[in-house]
Amino acid sequence: MTKKIEDYKGPAGGWGALKAVVEALDAQDREGADIRALFDMNKHDGFDCPGCAWPNPARTPIFDVCENGAKAVAWEATSKTATPGFFAKNPVSELAKMDAHSLEDLGRLTHPMKYNPETDCYQVIEWDNAFKEIGEILQGYQDHTTLELYTSGRTSNEAAFLYQVFGREYGTNNFPDCSNMCHEPTSVGLAASIGVGKSTVVFEDFDTVDLVIDIGHNPGTNHPRILSTYRSVVKRGAKIVAVNPLKERGLERFLYPQNPVDMVTDHATPLASHYYKVRVGGDVALMKGLMRIVIERHETAVANGDAPILDLEFIKDHTVGYEAVREDVLNTDWDNITHVSGLTKAEIEEFAELYIQAERTIICYGMGITQHEHGTQNIQQLVNLLLLKGNMGKPGAGILPLRGHSNVQGDRTVGITEKPSTAMLGKLKERYGFTAPTEWGHAVVASVEAMYSGSSKAFIGMGGNFAEAMPDHDKTYAAMQKLDLAVHIATKLNRSHLLTSKNTYLLPVLGRTEIDIQKTGRQVVTVEDSMNFVTASCGILQPVSEHLKSECAVVAGIAKAAIPDTKVPWDDLVADYSKIRDDIAFVYEAFHDYNERIKAPTGFHLLNPATVRQWVTKSGKANFIKTQDGLIEDPRSAMNAELTLSTVRSHDQYNTTIYGMNDRYRGIFGQRDVLFISENEAKKQGVEAGQKVNIIALDKDRNPTDRRLDNLTVVIYDIADRSVSTYFPEANNLVKLENFDEQSGIPAYKNIPVKLELAS
Ligand SMILES: Nc1nc2c(c(=O)[nH]1)N[C@H]1C(S)=C(S)[C@@H](COP(=O)(O)OP(=O)(O)OC[C@H]3O[C@@H](n4cnc5c(=O)[nH]c(N)nc54)[C@H](O)[C@@H]3O)O[C@H]1N2
Ligand SMILES: Nc1nc2c(c(=O)[nH]1)N[C@H]1C(S)=C(S)[C@@H](COP(=O)(O)OP(=O)(O)OC[C@H]3O[C@@H](n4cnc5c(=O)[nH]c(N)nc54)[C@H](O)[C@@H]3O)O[C@H]1N2
Ligand SMILES: [Mo]
């Protein structure tokens, strides 16, 4: 493929997106069946798009499909297969030399397999034998907390619920989860602020919102369907403001591929009216600057006898902690704010004015906010800003964390957590009669530490690519290879599966697009989206291999073998998933009449009490929470960090799945080894476009470490000064396992102090 770097001048969406859909489908032909799959996607009796967690509005056309959703479906629905014959000819040491794209592009896994260390090859094993062997190994451990149960967020509610039931009956609360790398600061930070770590926004709120702040998020690539909502917001005359170090095309202009008139007339809609290129890690400083202006303007107005700017009644009736936050922000001086945020006071004043003018504001945020050592505090400052004007629990206002994986939120709701509540464990006991351990287990970082030190010996991965998605590949790879038992439940081959241990199994499962038949017939599963709607999903394609099992069936198979005297009626549950849903409803009250309510085309909504101004916090109110120790930016970058690296997704990837080598909206073609840097910064660093550079990670005293990424091509880009950016997961070893947010445990993937050197 030819490498090319050019300025992308078009809008997001448009003909480019349609062309990409066609190309994605052509590359993965399953005899036209996948075309049909697309039409059924996100329709009531079809399957939920495995692309992202953006919800499916009840009122948009049935054909609500987007480029990256199409890529995700085509990638799963491919007719390419990685068969036992292939594995017999290709030892793992050879496969390990392949890149991430080529590994997954081998196609779908077709048979259960076990790694044979003598031949260095994966070999077919019968399902029953695999379960029996895994069960025997698990029974052999004295200490059952030696098992780590990882979940990636594509897993359905049904499979996730069974998985956690299995873990807790077996005797562990070790549930490291992809959300620990994603929206954990949301779960922790929002819960402390407003009671529940979820969105307070639903679609209808976009009908009346005056101002949307999209911060730390690349919608054009990662939630493309949000752009049609943003388009309606703008067409109505409301405003969108973007806060992002990097100029993202998807925030600037959008051509709606499903609007024939727009397409034919090439009529793109401008989206963000204002774009603030905050420095990487500068969001707390920016929030404090905004709050300072809003509060000062308010106090001046009140002193002059003018109308107040703050919502005083809301603050008085519904919140605590205002005074402390007021004092904190008024004491933050402007030099700090402008230096750390990288924005001028005039820019912050202009932004504050937009916020003051808007009666109703929604903040949407992504990984640019969460993946920092102060990720939790970042989110709480967003909430503080909203609380000032009562933008919480009223129509057209609120906070919307943009979830990643299509069911990452549902998995948490149905019990994937290392910190189970006693109420939940009590309900499990009532339902099944076993006593689960109460001691909290491991999230991702602790699980790697435990596997690395040898205190955890076994790992089961329910989907995902754990070792690759984690920071510090030196340590995560080694941790996987030290295991006694690794079981990967997967659809496609990836790097984690090649980090073999003493006993390694690769168990292939049905994807969401495929028909799942159990004893009582065809099954549906359910998922929860970013706005807390629970909907049904039903596969429509013939499974790519007759040897695949469903995730639910695999969990049950392992559970029965590992817990000979299990009290859970595994066979009944797997025969009929509506029984699993009955059990979920028994354990979680919010799921009452589960089976009935998912019959509605839009499923049902899990109410977030904050939306009706009920605050399930300790104080019984919404909490203004000030930053710890007057923090204004990431402790590691500190005031004078020269350069901070942020790792992002390209347009042609889904997390560790690399569909292709292009990043169309950023003008990158045929390559991923690039470094985005501003013209100004490049001059300062003494580098030029097209040159090759090495990145060296710095420690907290800003001394160089031995973590490096070599030979990246310099790309001059519209990005904030003192900020650089490259792609994940290639850059993950630059982040040490210890660099995480103390409150939520999220790795600081978006905040890596670095220096550059010219490659020789
Ligand atoms: N096609 C596709 N869709 C996806 C995914 C995918 O990989 N591909 N992944 C899914 C998953 S699991 C997730 S979590 C979501 C991720 O969706 P996003 O949150 O959009 O993910 P990122 O690509 O990490 O982009 C983060 C954005 O934050 C900006 N940013 C970086 N550092 C900072 C900072 O310090 N401050 C601010 N304000 N901004 C910053 C970056 O420039 C970038 O635009 O998407 C989901 N959807
Ligand atoms: N540097 C850096 N690192 C990051 C991030 C970042 O922004 N920067 N983002 C983080 C985030 S937000 C996340 S969510 C994690 C993602 O971490 P993971 O969720 O662990 O990773 P994925 O790449 O989504 O997993 C892809 C694999 O899932 C399997 N798979 C796909 N579909 C199915 C299915 O239906 N069933 C099963 N059983 N398996 C399936 C396939 O085998 C595929 O290879 O990465 C994190 N890592
Ligand atoms: Mo994510």
Side-chain angles (χ1 to χ4, degrees), residues 145-155 160 163-164 167 172-189 197 367 370-376 401 403-405 407-409 411-412 415-420 439-483 486-490 494-497 499 501 647 655-656 728-729 731-752:
T145 62
T146 204
L147 171 63
E148 303 287 344
L149 293 156
Y150 176 65
T151 315
S152 168
R154 235 181 254 198
T155 303
Y163 193 52
Q164 65 107 354
T172 182
N173 285 317
N174 291 336
F175 285 100
D177 174 34
C178 77
S179 69
N180 302 146
M181 312 175 212
C182 184
H183 267 292
E184 193 70 28
T186 298
S187 307
V188 175
M367 297 297 102
T370 62
Q371 294 172 334
H372 295 266
E373 278 189 36
H374 60 217
T376 304
R403 300 279 164 174
H405 269 299
N407 196 39
V408 60
Q409 185 160 316
D411 291 349
R412 298 307 294 256
I416 299 296
T417 170
E418 76 285 5
K419 299 179 193 152
E439 197 181 318
W440 286 358
H442 298 150
V444 287
V445 172
S447 75
V448 171
E449 295 288 7
M451 293 191 284
Y452 189 79
S453 73
S455 66
S456 283
K457 295 185 172 56
F459 172 93
I460 302 181
M462 174 56 88
N465 187 359
F466 178 70
E468 189 83 333
M470 283 294 282
D472 210 333
H473 289 166
D474 288 349
K475 207 161 184 179
T476 54
Y477 286 16
M480 296 297 286
Q481 286 165 322
K482 286 181 179 193
L483 288 167
V487 180
H488 301 285
I489 301 168
N494 66 45
R495 184 81 50 214
S496 296
H497 310 154
L499 301 165
S501 57
T647 59
N655 299 339
T656 68
F728 119 74
N732 282 27
N733 204 38
L734 292 171
V735 186
K736 263 178 84 170
L737 195 63
E738 291 75 21
N739 299 146
F740 57 83
D741 173 21
E742 270 180 22
Q743 294 190 58
S744 67
I746 197 167
Y749 297 118
K750 293 281 191 282
N751 207 323
I752 315 167

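This chain uses plain numbering: 1 for the first residue, then up along the sequence.
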Residue list, ring pair (Phe, Tyr, Trp, His ring centres under 6.0 Å) with Y452, at least two apart or on another chain: none
Any donor-acceptor pair under 3.5 Å from N494 side chain to G464 backbone: yes
Listed by chain and number, what are the side chain to side chain contact (heavy atoms under 4.5 Å, CB included) partners of A469, not counting sequence neighbours? M181, T656
Could you walk me through whether M462 and L149 satisfy the side-chain contact (heavy atoms from CB on, under 4.5 Å) test, starting with their C-alpha distance in whole Å, then the side-chain angles of each, then the deciding distance to 0.1 Å, before giving a yes or no? CA-CA 7 Å; M462 174 56 88; L149 293 156; over 6 Å; no
Heavy-atom check, side chain of C182 versus side chain of M367, under 4.5 Å: yes
What one should report as the nearest heavy-atom pair of I752 and A748 is CG1-O, 3.8 Å
For atom NZ of K736, decide whether the heavy atoms of other residues, nucleotides or ligands shown that lie under 6.0 angstrom number more than 12. no
Correct closest heavy-atom pair for N465 and S496 would be OD1-OG, 2.6 Å
Keeping the roles fixed (side chain from N174, backbone from T146), state whether a donor-acceptor pair exists under 3.5 Å. no
Is there a donor-acceptor pair under 3.5 Å between the side chain of T155 and the backbone N or O of A160? no
Any side-chain heavy atom of M470 within less than 4.5 Å of one from N732? no
dist L734:CG -> T647:OG1 (nearest 0.5 Å) comes out at 9.0 Å
Donor-acceptor contact below 3.5 Å, side chain N180 vs main chain D177: yes
Heavy atoms only: give me the nearest L499-A467 pair and the separation to one decimal. CD1-CB, 3.4 Å
Side chains of N739 and E373 in contact at under 4.5 Å (non-hydrogen atoms): yes
To the nearest 0.5 Å, what is the distance between CD1 on I746 and OG1 on T370? 4.0 Å
Is there a side-chain contact between Y150 and C178, using heavy atoms and a 4.5 Å cut-off? yes
If only atom types and distance count, is the side chain of D741 paired as donor or acceptor with the main-chain N or O of H372 below 3.5 Å? no
Starting at CD of Q409, measure out to CZ of R403 and round the result to the nearest 0.5 Å. 4.0 Å
Set of side chain to side chain contact (heavy atoms under 4.5 Å, CB included) partners for A450, sequence neighbours left out: E148, H442, S455, S456
Would you call H488 and F466 a side-chain contact if the rule is heavy atoms closer than 4.5 Å? no
Taking C-beta and beyond as the side chain, do W440 and P420 meet within less than 4.5 Å on heavy atoms? yes
Less than 4.5 Å apart, any side-chain heavy atom of V735 and any of F740? no
Please report the interatomic distance CG(D411) to OG1(T151), rounded to the nearest 0.5 Å. 6.0 Å
Can you list the residues that meet the side chain to side chain contact (heavy atoms under 4.5 Å, CB included) rule with N655, with sequence neighbours excluded? H405, R649, F728
Separation between CD1 (I460) and CD1 (I489), nearest 0.5 Å, reads 6.0 Å
Sorted by chain and number, sequence neighbours left out, salt bridge (Lys or Arg N to Asp or Glu O under 4.0 Å) with K457 holds for none
If you look at every heavy atom in S447 and P176, which pair is closest and at what distance? OG-CB, 3.7 Å
Would you give the length of the straight line joining atom CD of E449 to atom CG of L737, rounded to the nearest 0.5 angstrom? 5.0 Å
Which word best sums up how the rings of Y163 and F175 line up, parallel for under 30°, tilted for 30 to 60°, or perpendicular for over 60°? perpendicular
Evaluation steps, side-chain contact (heavy atoms from CB on, under 4.5 Å), between F459 and S501: CA-CA 10 Å; F459 172 93; S501 57; over 6 Å; no
Is it the case that over 12 heavy atoms from other parts of the model lie below 6.0 angstrom from the CD atom of E738? yes
Residue list, salt bridge (Lys or Arg N to Asp or Glu O under 4.0 Å) with E184, at least two apart or on another chain: R412
